Amino acid sequence: MRPLGFAGDVAVRARGLAKRYDGIVALDGVDFDVRTGQCFGFLGPNGAGKTTTMKMIYGLAAVQDGTLEVLGRDISRERRAVKARLGVVPQEDNLDRELTVRENLLVQAGYFGIGSEEAERRVAELLEFSLLAGRSDAMVRQLSGGMRRRLLIARALVNEPELVVLDEPTTGLDPQARQTLWHTLDRLRDQGVTLLLTTHYMEEAARLCDRLVILDLGRIVAEGSPDELIARYGQPHLEAVFLHLTGHELDR
Amino acid sequence: MTGALSLPSLPAALRVWRRNLRVFSKIWRGALLPLFFDPLFYLVAMGFGLGTYIAHINGVPYREFIAPGLCASAVMWAASFEMAWNAFFKMEETRLYDSILATPIEVEDLVTGELLWAGTRAVIYGTTFLIVISAFGLVESGWAAAMPPFLLLGGLCFATIGLAYTSLIPKMDYFTFYFTLFITPMFLFGGIFFPYDKLPEWAQVVAWFTPLYHLVLVCRELATGPDAAAVAGNAAWLAVLTALLFSVPVVALRRRLVA
């Protein structure tokens with residue numbers, strides 16, 4: 001699974017990452033390393049800078065200050081090459097509503113320049129993997145929320161990415177759909193794919209993440225494995241750590 | 001940040017084009033009909049209605065005078081609709097552009113693919129209408145068969161103007177201005193329904209600055225037996241404007257979607 005041309009064991013390296021939008025500080029000097037093969041979580045209240053960080057990694061937000069290396073390359077200079085090896089599951093559903101489930105995957109393969117025979121093979125595989133084989137000719141609007149999320153994940157895997165970025169992948173899903181999604185992510189990690197995710201659910205972070213950072217007001221306020229953080233701050237569970245570190249939110 | 005002048009990758013642009021072709025291949029029956037009836041109704045109302053009273057313009061029967069211009073306007077409407085509402089929808093509502101830009105496709109490729117598609121769609125409409133007017137016997141010269149590449153050029157020009165506008169406006173409501181103050185006046189005053197050579201000079205100058213005027217002249221020349229220099233001159237005007245404006249949607253969409 002380890003790709004050619006990528007020797008390092010750090011999938012994402014950020015140093016002094018900073019960004020302002022119209023004078024508002026979105027990110028204020030952030031450093032982190034995501035190791036290859038890990039599931040790495042970004043936690044933080046709304047507006048903490050999670051989505052901005054994700055978008056920088058997948059090329060939909062420009063790096064303003066600092067450096068960001070993704071899969072061993074500088075994202076600001078080699079965006080096209082980096083994006084070829086990434087999978088992206090955005091926060092908002094941006095599936096192609098004018099196409100069927102199967103066509104969404106086929107057209108996505110097309111965007112990556114994957115030949116049609118290979119694309120057909122991968123699409124058939126992904127439809128099975130995401131439990132959507134029975135709905136392959138349905139239009140996107142006919143799918144349930146959980147199915148759409150699974151299709152978004154399947155779409156992100158068409159190019160066999162080394163790193164998958166997931167921005168709040170389970171927000172708005174019912175418990176069953178969330179469980180199914182967690183299993184999907186487990187399987188990906190077992191295959192050696194690096195996962196990067198943001199979430200508001202502490203039990204999800206504790207369940208999935210090897211390491212995580214807690215962001216607040218554009219800065220990292222804590223970093224470690226879920227157990228380390230619980231031990232370090234003497235709290236009963238991750239949610240208590242989170243509230244302890246970002247508690248000022250309650251005063252707003 | 002990559003420079004504003006990065007050249008598009010044609011293979012990447014064609015992937016976007018192919019996506020649009022796939023969607024169009026499902027909806028073409030419903031999509032083709034309204035935009036096709038539109039110029040047909042004008043042809044009947046003006047050409048066969050008004051044309052009963054205005055027999056000839058510059059020695060050409062009135063119907064034959066306006067018919068090629070309606071090919072040009074079919075191109076204008078098709079490219080403009082595609083790059084106005086359809087593009088805005090993909091940019092702001094379904095966020096399809098975001099999903100495309102998260103693949104190896106960059107903004108300049110996306111813009112090129114969208115423009116090529118709008119141009120293609122414009123050619124489909126313009127050529128369909130050309131076949132109709134030929135069937136009505138309103139085309140005099142065999143040179144009309146050379147029209148499609150010029151319709152593509154015109155389509156690309158209107159597509160570029162349209163996407164430039166779309167990429168700059170904050171809300172869909174602004175399309176009212178685009179169509180009422182720009183597209184419809186061009187349709188009425190672009191030289192489809194009356195010639196400019198006997199009008200005051202200032203009117204000719206104003207017309208010269210509008211793209212439809214040049215596309216109408218190209219189509220009319222080709223349909224009535226062309227003056228090669230006039231065709232080349234008007235086509236060059238369209239090509240230059242298209243090239244000059246190309247970077248506007250690229251820069252604006254980059255600012256809007258990947259800033």
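Note that the structure is a prediction, hence the values are computed from the model and not measured. No hydrogens, no waters, no symmetry mates; every other heavy atom, side chains included, goes into these values.
Put simply, the side chain of B:R22 reaches to within 4.5 Å of the side chain of A:L106, judged on heavy atoms. Considering only heavy atoms from C-beta on, B:L101 comes within 4.5 Å of A:L60 through its side chain. B:S99 is listed as a side-chain neighbour of A:R155, based on a closest heavy-atom distance under 4.5 Å. Here the side chains of B:V23 and A:L99 are in contact, with some heavy-atom distance below 4.5 Å.
Smallest separation of non-hydrogen atoms from A:R79 and B:E106: NH2-OE1, 2.6 Å. Between A:G59 and B:V258, the shortest heavy-atom contact is O-CG1, 3.8 Å. The minimum heavy-atom distance between A:E98 and B:K26, with the atom names listed, is O-NZ, 3.7 Å. Closest approach of B:P104 to A:A84, counting heavy atoms only: CG-CA, 3.6 Å.
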Subject >> Criterion salt bridge (charged side-chain N to carboxylate O under 4.0 Å, His left out) on A:R80 and B:D109, from CA distance to verdict >> reply: CA-CA 11 Å; A:R80 212 193 277 268; B:D109 315 326; 2.6 Å; yes
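In A:R121, the CZ atom is crowded: over 12 heavy atoms of neighbouring residues, nucleotides or ligands sit closer than 6.0 Å.
Residues of residues 10-21 of chain B lying under 4.5 angstrom from chain A, judged on non-hydrogen atoms, are B:A12, B:R15, B:V16, B:R19 in numerical order.
With hydrogens and angles disregarded, a donor-acceptor distance shorter than 3.5 Å links the side chain of A:K83 to the backbone of B:T103.
Contacts between B:I105 and chain A at a heavy-atom distance below 4.5 Å involve backbone atoms as well as side-chain atoms.
Atom CG of B:L96 is separated from atom CG of A:D96 by 4.5 Å, given to the nearest 0.5 angstrom.
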